[in-house]
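Data first, discussion second: the structure below is written as structure tokens.
From a predicted model like this one, the values you see are computed outputs, not experimental measurements. Lettering of chains follows the sequences in order, A, B, ..., and the numbering in each one begins at 1.
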Amino acid sequence: MRLYDTARRAVVPFEPGPHVLMYTCGITPYDATHLGHAATFISYDVLQRRLIDRGHRVSCVRNVTDVDDPLFAKARELGVHYLDLAAGEEARFEADMAALNALEVTARPRASSAIADIRGFIGMVIERGDAYVVNGAVYFDISCAPRFGSLSGLGIDEMMDLARQRGGDVDNPDKRNPLDFVLWQPSRDDEPAWDSLWGPGRPGWHIECSALALRELGTTIDLHGGGADLIFPHHECEMAQSEAATGEVFVRHWMHTALVAKDGEKMSKSLGNLVFIDQLREQWDAMAIRLALIEHHYRTEWEWDDSLMERNRRRLWAWRAAVSEQDRALGDDTDNDGVNEVGNDAVLDAVRDRLDDDLDTPGAVAIIDEAAAAGRRIDSAAALLGVRLAATD
RNA sequence: GGCGACGUGGCCGAGUGGCUGAGGCAAGGGCCUGCAAAGCCCUGUACCCGGGUUCGAUUCCCGGCGUCGCCUCCA
């Protein structure tokens, strides 16, 4: 199959071995799952389904960032322990994903479970001479990563200028280079702290994914995913520190999903223009929500509007009607069995073909729309997209 | 400023080198109806601008303009 690779800026063949190693950046569980999260993870879910369909074994790891600033801030605001807040929101997220019929991922490790791995990982980077310790903090030395910026397409000098202009943490006198980023940092008084060789503290933002990917999947992974907003700095930093620690290529293929907008702006927690999955589920069939997500291409930015759900409710209804009609026909006349199964396979193959072309889910949905209208069997094709048509839910 | 995406009828949104435009919403007309609602039928000189390639471009290429996203809170 072919997929767009962020690092190479082109649609390229994606031909992993029999066992595919996949890592996607998960959520920071301080608020409910919104449409943007769902769009991202359902994209990877469809990819995973097609890889399995092609005969691959897929190990997919999706972390949970339960040690991070926004989580601490929200816990502070609510007056609860950050891990209690995280556990609750994580459960809501998993319930949303299950309702949308997402496959179980192979592992969903929490950052808080990885402190020992993170300390070990930082040790590896320091031993390589690519990180340094100042005042209880560990910084990655950007000058040791000549390829830094290659993922996002930004040059070192450029990033430097921009970081200065934008007032990143460039004025920190402890850093040798304004772009150096934190691997380990001292905690504030009301933040959790773990002992380490460099003093008590907590991990930097990017380090958990590197440590977890290494722990769960090994030095080199086939595909790393996440929202497009993570390309820089998160994934850029992840790549730099991982390759520094292991000396191996970190990721063979980078895949990023476009951000979802609402009211002309990116949907985001800080803007508050969110559509939450659990609220949507109160009003609409979860499979209609899934259809509303996959009728968009993962690399095209799109905007949420209220007509989406009504349209996809009807689409789901049409697909279900097509299946039950076919079932009835089959029951009445078993001689038709073979013919219908052939129709099913043809639709399935057409959908496979669309998915293999840079995960063209809109094209796949259109094919099933047409097949349903023409009275052909669509259940296998719908199942490949993760759309459950049985009336049991 | 750099990088990326996008710019299709009132709105949303597919799609295509020519055979005139998926679909949805809105709007107008009609059928039906005691009235209304629902339903059904009909109605639309579209592809940001300027160059180029071409017999021919909305579709390909170049350059503008505009919108959105990323550029250390973010899926």
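When the C1' atom is compared between B:rG52 and B:rU59, the two are found 15 Å apart, to the nearest whole Å. Using atom C1' as the reference point in both B:rC6 and B:rC47, the two lie 14 Å apart (nearest Å). A gap of 27 Å separates the P atoms of B:rC19 and B:rC25, to the nearest Å. Between B:rA22 and B:rC42, the distance separating the two P atoms is 13 Å to the nearest Å. Across B:rG50 and B:rG9, the matching C1' atoms stand 23 Å from one another, rounded to whole Å. Taking atom P on both B:rG4 and B:rC61, the two are 14 Å apart, rounded to the nearest angstrom. Atom name P, nucleotides B:rU8 and B:rA14: the rounded distance is 11 Å, in whole Å. Comparing B:rU45 with B:rU54, their P atoms sit 33 Å apart, to the nearest whole Å.
Applying the salt bridge (Lys or Arg N to Asp or Glu O under 4.0 Å) criterion to A:Arg128, with sequence neighbours excluded, gives no partner residue. Evaluation of the salt bridge (Lys or Arg N to Asp or Glu O under 4.0 Å) rule for A:Asp174 yields no partner, not counting sequence neighbours. Take A:His297 and apply the ring-ring contact (aromatic ring centres under 6.0 Å, His included) test, not counting sequence neighbours, and it matches no residue.
Using cut-offs of 30° and 60° for the angle between ring planes, the A:Trp302 and A:Trp304 rings count as tilted. Using bins of under 30°, 30° to 60° and over 60° for the plane-to-plane angle, the ring pair A:His235/A:Trp254 lands in the tilted bin. Classification of the A:His234-A:Trp205 ring pair by plane angle, with boundaries at 30° and 60°, yields parallel. In this pair, A:Phe181 and A:Phe140 present their aromatic rings parallel. The plane angle is below 30°, not in the 30 to 60° band.
Within 4.0 Å of A:His256, counting heavy atoms only, lies no atom of the nucleic acid at all. A:Met267 comes within 4.0 angstrom of a base, heavy atoms only. Within 4.0 Å (heavy atoms only), A:Gly26 reaches sugar-phosphate atoms of the nucleic acid but no base atom.
Listed candidates were B:rC73, B:rA75, B:rC68. Nearest to the side chain of A:Glu301 is B:rC68. Listed candidates were B:rA75, B:rC73, B:rC74. Nearest to the side chain of A:Pro70 is B:rC73. Side-chain proximity of A:Arg314 to the nucleotides B:rA75, B:rG69, B:rC25 is greatest for B:rC25.
For A:Met159 and B:rG2, the CE to C1' distance is 11 Å, given to the nearest whole Å. The distance from atom CG of A:Asp69 to atom C1' of B:rC74 is 12 Å, rounded to the nearest whole Å. For the pair A:Arg354 CZ and B:rA14 C1', the computed distance is 13 Å after rounding to whole Å. Here B:rG2 presents its P atom at 19 Å from CE of A:Met160, a figure rounded to the nearest Å. The interatomic distance linking A:Met309 (CE) with B:rG23 (P) rounds to 22 Å, in whole Å. The interatomic distance linking A:Asp360 (CG) with B:rG15 (C1') rounds to 12 Å, in whole Å. If you measure from atom OH of A:Tyr298 to atom C1' of B:rA5, you get 13 Å, rounded to the nearest angstrom. Rounded to a whole Å, the NE2 atom of A:His297 is 14 Å from the C1' atom of B:rC6.
The nucleotide B:rA14 finds no pairing partner, because no Watson-Crick or G-U wobble arrangement with both distances shorter than 3.5 Å includes it. When both distances must be under 3.5 Å, the Watson-Crick or G-U wobble mate of B:rC60 is B:rG52. Pair assignment for B:rC3: B:rG69, on the basis of Watson-Crick or G-U wobble contacts that are both within less than 3.5 Å. Pair assignment for B:rC19 gives none, since no Watson-Crick or G-U wobble pairing has each distance under 3.5 Å. Here B:rC35 sits opposite no nucleotide as a Watson-Crick or G-U wobble pair (both hydrogen-bonding atom distances under 3.5 Å).
Residue A:Pro362 is the one, among A:Pro362 and A:Ala258, whose nearest nucleotide of RNA chain B lies closer to the 5' end (criterion: closest heavy atom). Projected onto RNA chain B by closest heavy-atom contact, A:Cys25 and A:Arg299 fall at different nucleotides, the more 5' of which corresponds to A:Arg299.
For A:Lys266 and B:rC74, the shortest distance from a side-chain N or O to OP1 or OP2 is not below 4.0 Å.
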What nitrogen or oxygen pairs link the protein and nucleotides 11-13 of chain B at under 3.5 Å?
| residue | atom | partner | partner atom | Å |
| --- | --- | --- | --- | --- |
| B:rC12 | O2' | A:Asp305 | OD1 | 3.3 |

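For the side chain to side chain contact (heavy atoms under 4.5 Å, CB included) with A:Cys25, the lone residue among A:Glu238, A:Glu208, A:Arg62 that qualifies is A:Glu238.
Counting heavy atoms from C-beta on, the side chains of A:Tyr4 and A:Leu359 never come closer than 4.5 Å.
Side-chain atoms of A:Tyr139 and A:Asn172 include a donor-acceptor pair closer than 3.5 Å. Of the N and O atoms on the side chains of A:Glu248 and A:Thr220, not one donor lies less than 3.5 Å from an acceptor on the other residue.
Contacts classified as side chain to side chain donor-acceptor pair (under 3.5 Å) and involving residues 194-204 of chain A (residues at least two apart or in different chains) are given here: A:Asp69-A:Arg202, A:Trp184-A:Ser196, A:Glu191-A:Arg202.
Within residues 221-241 of chain A, the residues approaching RNA chain B are A:Gly226, A:Gly227, A:Asp229, A:Leu230, A:Phe232, A:Pro233, by heavy-atom distance under 4.0 Å.
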